[in-house]
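The next block holds one structure in the form of structure tokens; read it before the comments.
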Amino acid sequence: MTSSSLAKPQLIERIKTKVRRFFGPWGVFFKGFVKHPVMVGSIIPSSSRTVKKMLAPVDWENCDLFVEYGPGVGTFCQPVLDRMKPGATLLVIDLNEDFIEYLQKTFRDSRFIAVHGSAADVNEIIVDAGFEQADYILSGLPFSTLPDNLGPKIASETAKAIRTGGAFLVYQFRARARDFMEPHFKKIDSGFEAWNILPCHLFWGWKD
Ligand SMILES: C[S@@+](CC[C@H](N)C(=O)[O-])C[C@H]1O[C@@H](n2cnc3c(N)ncnc32)[C@H](O)[C@@H]1O
């Protein structure tokens, strides 16, 4: 093997690392969208205004387990970790293995667990992680483009997974997400954030 045939793959790897660093999480997210457009459902991550507004009603003092569906490249993860008390856990679940791998490399916090799986299996995943129920579940899932029956199934599994007094936090480009929540949550607060691509609807479903 010549020195030039050895140097070429190294050079390509170095260029790839530079490109990855330059584009950062947005690049990883965009790549995920190109690979699985329906599953990801958005070209760029949520805005910081959406994150702030969505998390505002959470009672962090009484939150031991915070679950997130569809974290993507972790737009909500650091803000959640920043607000969470020391002994609490953030458990994120995503169907896209590339995102989970990226999150495991990026978030080194001992309170962080990233699971490759479906939100439909949330109850099993929570038990496997050593918990009975979640205090809050946040969803960035593209509810309106999920395959048939998956939306209703995720909503009913979520209602079982949340403790009394906890909440299901949902943000979506379409208000249809509320239809999935309605059978399980009597009290649903709603909001809207225009500073997001695309502008999005926010819902907080409170568990009786
Ligand atoms: C619109 S992106 C949300 C990204 C991120 N939370 C944000 O706000 O920027 C939707 C995410 O849901 C994930 N996803 C889609 N279906 C899922 C399912 N059934 N269970 C878990 N994650 C899923 C996708 O892989 C993607 O990461």
Side-chain angles (χ1 to χ4, degrees), residues 23-56 58 66-83 90-107 112-126 128-129 134 136-158 160-161 168-177 180-181 191-204:
F23 288 106
W26 283 41
V28 178
F29 193 81
F30 183 67
K31 207 172 133 201
F33 175 76
V34 171
K35 231 168 143 181
H36 306 285
V38 176
M39 194 206 292
V40 175
S42 168
I43 294 183
I44 54 169
S46 300
S47 73
S48 56
R49 286 197 198 181
T50 301
V51 174
K52 213 170 154 193
K53 207 179 254 186
M54 190 83 260
L55 298 179
V58 175
F66 190 101
V67 174
E68 182 184 1
Y69 300 155
V73 291
T75 317
F76 276 85
C77 295
Q78 196 55 55
V80 169
L81 289 166
D82 290 344
R83 289 162 173 77
L90 167 60
L91 169 65
V92 304
I93 306 168
D94 204 296
L95 261 190
N96 187 324
E97 206 165 3
D98 296 341
F99 288 159
I100 291 297
E101 217 174 276
Y102 173 82
L103 294 171
Q104 283 166 343
K105 277 192 214 146
T106 309
F107 294 94
F112 181 72
I113 304 172
V115 175
H116 175 227
S118 171
D121 301 320
V122 61
N123 285 288
E124 224 178 293
I125 294 170
I126 285 178
D128 287 349
Y136 294 89
I137 297 185
L138 166 70
S139 169
L141 300 179
F143 264 103
S144 27
T145 57
L146 289 176
D148 274 353
N149 289 325
L150 195 56
K153 167 135 171 90
I154 290 174
S156 71
E157 288 301 311
T158 302
K160 279 185 225 156
F168 187 27
L169 283 52
V170 177
Y171 56 97
Q172 254 255 276
F173 304 144
R174 298 186 197 180
R176 217 187 134 211
F180 294 101
M181 301 169 77
F192 186 74
E193 181 50 63
W195 192 262
N196 197 76
I197 300 175
L198 305 164
C200 72
H201 298 270
L202 315 180
F203 301 106
W204 298 265

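Side chains are part of it too, since the values below use all heavy atoms of this structure and drop only hydrogens, waters and symmetry mates. In each ligand, atom 1 is the first atom listed, and ligand 1 is the first ligand listed.
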N or O pair under 3.5 Å between Ser46 and ligand 1: yes
Side-chain touch Phe76/Met54, heavy atoms, less than 4.5 angstrom: yes
Parallel, tilted or perpendicular: rings of Phe107 and Phe112 (30°, 60°): tilted
Partners passing side-chain contact (heavy atoms from CB on, under 4.5 Å) against Ala175 (at least two apart in sequence or in another chain): His201, Phe203
Shortest non-hydrogen contact from Pro142 toward Gln172: CA-NE2, 3.6 Å
Of the listed options Ile154, Leu95, Thr145, closest to atom 18 (C) of ligand 1 (non-hydrogen atoms): Leu95
CG (Asp82) with more than 12 external heavy atoms under 6.0 Å: yes
Side chain, backbone, both or neither: the part of Thr75 lying under 4.0 Å from ligand 1 by heavy atom: side chain
Heavy atom of Ala120, distance to ligand 1 below 4.0 Å: no
Ligand 1 versus Phe76: contacting region, heavy-atom distance under 4.0 Å: side chain
Atoms of ligand 1, numbered as shown, that sit under 4.0 Å from any heavy atom of Glu68: 6 (N)
Sub-4.0 Å atoms of ligand 1 with respect to non-hydrogen atoms of Ile93: 21 (C), 22 (N)
Atoms in ligand 1 flagged as close to Gly70, the criterion being non-hydrogen separation under 4.0 Å: 3 (C), 4 (C), 5 (C), 6 (N), 11 (C), 12 (O), 13 (C), 22 (N)
Contact list for residues 66-79, test salt bridge (Lys or Arg N to Asp or Glu O under 4.0 Å), sequence neighbours left out: none
Option of least heavy-atom distance to atom 6 (N) of ligand 1 (set: Phe173, Tyr171, Phe143): Tyr171
Heavy-atom pair of closest approach, residues Trp195 and Ser47: O-OG, 2.5 Å
Proximal candidate to atom 5 (C) of ligand 1 [heavy atom criterion; set Gly140, Pro71, Ser118]: Pro71
Whether Gly117 lies under 4.0 Å from ligand 1, heavy atom: yes
Contact atoms of ligand 1, heavy-atom distance to Asn96 under 4.0 Å: 25 (O)
Heavy-atom closest pair, residues Thr50 and Asn196: OG1-OD1, 2.8 Å
Where ligand 1 meets Pro45 - atom numbers and elements under 4.0 angstrom, heavy-atom basis: 9 (O)
Close approach of Phe99 to ligand 1, heavy atoms, under 4.0 angstrom: yes
Any N or O of Ala119 closer than 3.5 Å to N or O of ligand 1: yes
